[in-house]
Amino acid sequence: MFGIKTKIVAAVRRQFYRFYTIRQDFINVNPIFDTRYLDEEICDHALSLVSSPLCITPKNKNNIAFLASELSGMGGHTELLKNLAQALPKGYKSKLFLTRKARSEKYAALKIAEIGKYSEIDGVDFCWKNEKKMLNKLLKQVLEFSPNVLITFIHMEDSFAVGLIALLKKHTEIKIIFCNIGSQYSSLGMSFAHLIWEGMPATAFVTQKYRKLKNTKVLGLCYLTKENLPKFSAQEIMTVKRELGIPENALCTMTGCSSYKLFENGKSSYLEMIKKLLEKNENLWHVLITVLDEEQKKILKETDMPNRFIVADFKPNFKLYFKCADVFIDSIPFSSALTMVDLMSLKVPFVAFKNKDNLAFTFYEYLPKNYAYLFENIFDMQAGIEKLLSDKEERERIADSNYGHFLENFEGNKVAKKILDADSVDSEIDEEQYKDFKAVKLVPWGK
């Protein structure tokens, strides 16, 4: 009976709730690069729900709107949005519009409070049963704010948010900058952007060649301004180490990421490497900050890890935890992007992984050129970790060098200015520089 009821509900949604239908179509065909045909369907449906507004010219050139689906408690696009809101120059006014406002306020209350210091916050609580009402409501909110620029941080499957973007593109002169927050995923909505904000040339190349969209602009990642970087005392760090169970004179390595980045084809080369490190170095503790599903827990159990391996849940104050690491270890086989910038700003030395099997899963272009601790295989990566662990002066040298790279390339004031000044697209990126990579694949949505 339950199965029949579920099928009936799904059939009704598909018949009457078009945003829902397109979202499901997107999920079912994932992972694909070129989603322009779904964007066209979203646009047609959005136009049918809203009376055609007049072409609207923004009244205030210094009004900046942000559009996001739902904020999270730590890291990722939420952090990027917060950083940009904080880094906008004086004289600019910003407002954040959410499509899942109540959920954001419930599950990311601290981040909402932080963003609220720099930006007004509005939005709707979208559900499929009232898509026409909600679309008109959100459209009205945005038009009343009258932004000159709208920058998106939406989830890849948020067909409702894409409907709003489609309307703004067609009926207003608002400049739309689409932040490619999940370059390793398929994404709806990119085709409505005036500019697609890319973090590095490799992601721009993937968008140009495989997503079939040429209007990319490499703008990097926007981080905190220098004066707002967090500072932690030795006592705070020691308190967290005790909480984790790390002895006072022990060495600590750490990894923090979404758990899918550590597994592939039912196994984890990452866990195997950490086990070898712990077995070889008796004074070493390793902390993994993540949330494992049941299958991943089973793989971890079968790895038979030494008891100096600690799994901790995600932390809202994750930067304080990162400071506990003598060496931070990148995720394998899927590297982590924003985490590298976190570590540079915190002066925490790290080793990074370059995935030559898949260009979409590697972020080496955020690092200093010829970075000495970037590795393409497990064997060399383990050796690099041990080299840093054994040499405190080298750790300090790398930390200082990386901090200088951060100030030059990711400091909030510099990147915010670059974003606001962006008025042209990249030239076509030379494919030859990525010839040594193998397949270019996307992560299935939902990972």
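What you see is a predicted model; the values in this text were computed from it and never measured.
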Participant: Residues two or more places apart in sequence or in another chain: which of them pass salt bridge (charged side-chain N to carboxylate O under 4.0 Å, His left out) with Asp125?
Facilitator: none
Participant: Keeping the roles fixed (side chain from Trp285, backbone from Met254), state whether a donor-acceptor pair exists under 3.5 Å.
Facilitator: no
Participant: Distance from Arg211 atom CZ to Met190 atom CE, nearest 0.5 Å?
Facilitator: 4.0 Å
Participant: Determine whether a donor-acceptor pair (N or O, by modelled atom type, separation under 3.5 Å) exists between the side chain of Asp326 and the backbone of Leu251.
Facilitator: no
Participant: Answer with yes or no whether the side chains of Thr203 and Glu198 bring together a donor and an acceptor at under 3.5 Å.
Facilitator: yes
Participant: Report the C-alpha distance between Gln296 and Ser259 in whole Å, list the side-chain angles of each, state the deciding distance to 0.1 Å, and finish with yes or no for side chain to side chain donor-acceptor pair (under 3.5 Å).
Facilitator: CA-CA 8 Å; Gln296 293 162 351; Ser259 61; 2.9 Å; yes
Participant: Is it true that Tyr260 and Phe334 have ring centroids separated by less than 6.0 Å?
Facilitator: yes
Participant: State whether Lys297 and Glu294 are salt-bridged, where the test is any N-O pair (Lys NZ or Arg NE/NH1/NH2 against Asp/Glu carboxylate O) under 4.0 Å.
Facilitator: yes
Participant: Could you tell me whether a side-chain N or O of Ser183 sits under 3.5 Å from a main-chain N or O of Asn180, the two making a donor and an acceptor?
Facilitator: no
Participant: Give a yes or no on whether Lys441 atom NZ has more than 12 heavy-atom contacts from other residues, nucleotides or ligands under 6.0 Å away.
Facilitator: no
Participant: If you measure from the Lys or Arg side-chain nitrogens to the Asp or Glu carboxylate oxygens, is any gap between Lys438 and Asp357 under 4.0 Å?
Facilitator: yes
Participant: Can a donor-acceptor pair be found between the side chains of Thr99 and Asp158 at a distance below 3.5 Å?
Facilitator: yes
Participant: Determine, stepwise, if the pair Glu386 / Lys280 fulfils salt bridge (charged side-chain N to carboxylate O under 4.0 Å, His left out).
Facilitator: CA-CA 10 Å; Glu386 291 183 302; Lys280 189 175 178 181; 3.3 Å; yes
Participant: Which pair of heavy atoms, one from Asn83 and one from Cys222, lies closest together, and at what distance?
Facilitator: ND2-O, 3.1 Å
Participant: Main chain of Tyr92, side chain of Asn63: is a donor-acceptor contact present, judged purely on distance under 3.5 Å?
Facilitator: no
Participant: Taking the side chain as every heavy atom from C-beta outward, state whether Asn215 and Leu213 have any pair of such atoms under 4.5 Å apart.
Facilitator: yes
Participant: Near Lys387 NZ, under 6.0 Å, is it more than 12 heavy atoms from other residues, nucleotides or ligands?
Facilitator: no
Participant: Take the angle between the ring planes of Phe19 and Phe160 and call it parallel below 30°, perpendicular above 60°, tilted in between.
Facilitator: perpendicular
Participant: Rounded at 0.5 Å granularity, tell me how far CG in Asn355 sits from CZ in Phe361.
Facilitator: 7.5 Å
Participant: So does Lys209 pair up with Glu431, basic N to acidic O under 4.0 Å?
Facilitator: yes
Participant: State yes or no: are the ring centers of Tyr434 and Phe205 separated by less than 6.0 Å?
Facilitator: yes
Participant: Would you say the ring centers of Phe309 and His286 fall short of 6.0 Å from each other?
Facilitator: yes
Participant: Are Phe318 and Phe314, when compared by the centres of their aromatic rings, separated by less than 6.0 Å?
Facilitator: no
Participant: To the nearest 0.5 Å, tell me how far Phe375 CZ sits from Phe353 CZ.
Facilitator: 11.5 Å
Participant: Flag the pair Lys414 and Glu408 as a salt bridge only when some basic side-chain nitrogen lies within less than 4.0 angstrom of an acidic carboxylate oxygen.
Facilitator: yes
Participant: Kindly determine whether Thr225 and Asn228 satisfy side chain to side chain donor-acceptor pair (under 3.5 Å), including the steps that lead there.
Facilitator: CA-CA 5 Å; Thr225 58; Asn228 283 297; 2.7 Å; yes
Participant: Distance-only, no hydrogens or angles: does the Asp380 side chain make a donor-acceptor pair with backbone N or O of Glu376 under 3.5 Å?
Facilitator: no
Participant: Charged N to carboxylate O under 4.0 angstrom, Lys435 versus Glu432?
Facilitator: yes
Participant: When you look at Asn409 and Tyr366, which way does the side chain to side chain donor-acceptor pair (under 3.5 Å) test go after all the steps?
Facilitator: CA-CA 9 Å; Asn409 294 278; Tyr366 289 127; over 6 Å; no
Participant: Just how far is it from atom OG1 of Thr152 to atom NE2 of His77, taken to the nearest 0.5 Å?
Facilitator: 10.5 Å
Participant: Are Arg397 and Glu393 within salt-bridge range, i.e. N to O under 4.0 Å?
Facilitator: no
Participant: Given 3.5 Å as the limit, does a donor-acceptor pair link the side chain of Asn283 with the main chain of Asn249, or not?
Facilitator: yes
Participant: Would you call Lys95 and Glu120 a salt bridge, using N to O less than 4.0 angstrom?
Facilitator: yes
Participant: Decide whether Ser72 and Thr78 meet the rule of one side-chain donor and one side-chain acceptor closer than 3.5 Å.
Facilitator: yes
Participant: Please check this pair: side chain of Ser119 against backbone of Ser94, looking for a donor-acceptor N/O pair closer than 3.5 Å.
Facilitator: yes
Participant: Run the numbers on Ser187 and Thr35 for side-chain contact (heavy atoms from CB on, under 4.5 Å), then give the verdict.
Facilitator: CA-CA 7 Å; Ser187 184; Thr35 59; 5.8 Å; no
Participant: Going through the checks in order, is the side-chain contact (heavy atoms from CB on, under 4.5 Å) test met by Leu388 and Glu394?
Facilitator: CA-CA 6 Å; Leu388 279 176; Glu394 175 68 355; 3.7 Å; yes
Participant: When you check the gap from the basic side-chain N to the acidic O, do Glu79 and Lys82 get nearer than 4.0 Å?
Facilitator: yes
Participant: Mind checking the CD1-SG spacing from Ile22 to Cys43? Nearest 0.5 Å is all I need.
Facilitator: 10.0 Å
Participant: Taking the six-membered ring of Tyr403 as reference, does the NZ or CZ atom of Lys347 fall below 6.0 Å from its centre and within a 45° cone about the axis?
Facilitator: yes
Participant: Within the side chain of Arg103, is there an N or O that forms a donor-acceptor pair under 3.5 Å with the backbone of Glu70?
Facilitator: no
Participant: Ignoring hydrogens, what is the shortest heavy-atom contact between Pro306 and Leu278? Give both atom names and the distance.
Facilitator: CG-CB, 3.9 Å
Participant: Just checking, is any N or O donor in the side chain of Glu243 or Tyr321 under 3.5 Å from an acceptor N or O on the other one?
Facilitator: yes
Participant: Return yes if some donor-acceptor pair links the side-chain N/O of Glu411 with the main-chain N/O of Asn413 below 3.5 Å, else return no.
Facilitator: yes
Participant: Mark yes when over 12 heavy atoms from residues, nucleotides or ligands other than Glu396 sit less than 6.0 Å from its CD; otherwise mark no.
Facilitator: yes
Participant: Working to the nearest 0.5 angstrom, can you tell me the gap between Leu150 CG and Leu67 CG?
Facilitator: 5.5 Å
Participant: Does this structure show an ion pair linking Lys323 with Glu236, if we count only N-O contacts that are shorter than 4.0 Å?
Facilitator: no
Participant: Would Lys354 pass as a cation-pi partner of Tyr364, given that its NZ or CZ must be under 6.0 Å from the six-membered ring centre and within 45 degrees of the axis?
Facilitator: yes
Participant: How about Phe322 and Phe328: are their ring centres within less than 6.0 Å of each other?
Facilitator: yes
Participant: Could you go through the side-chain contact (heavy atoms from CB on, under 4.5 Å) check for Phe263 and Leu292 one step at a time?
Facilitator: CA-CA 10 Å; Phe263 298 86; Leu292 300 170; 3.9 Å; yes
Participant: For the pair Ser336 (side chain) and Thr339 (backbone), establish whether a donor and an acceptor sit closer than 3.5 Å, ignoring hydrogens and angles.
Facilitator: no
Participant: The test is side-chain contact (heavy atoms from CB on, under 4.5 Å); show your working for Ile246 and Ile310 and say whether it passes.
Facilitator: CA-CA 9 Å; Ile246 301 170; Ile310 301 165; 4.2 Å; yes
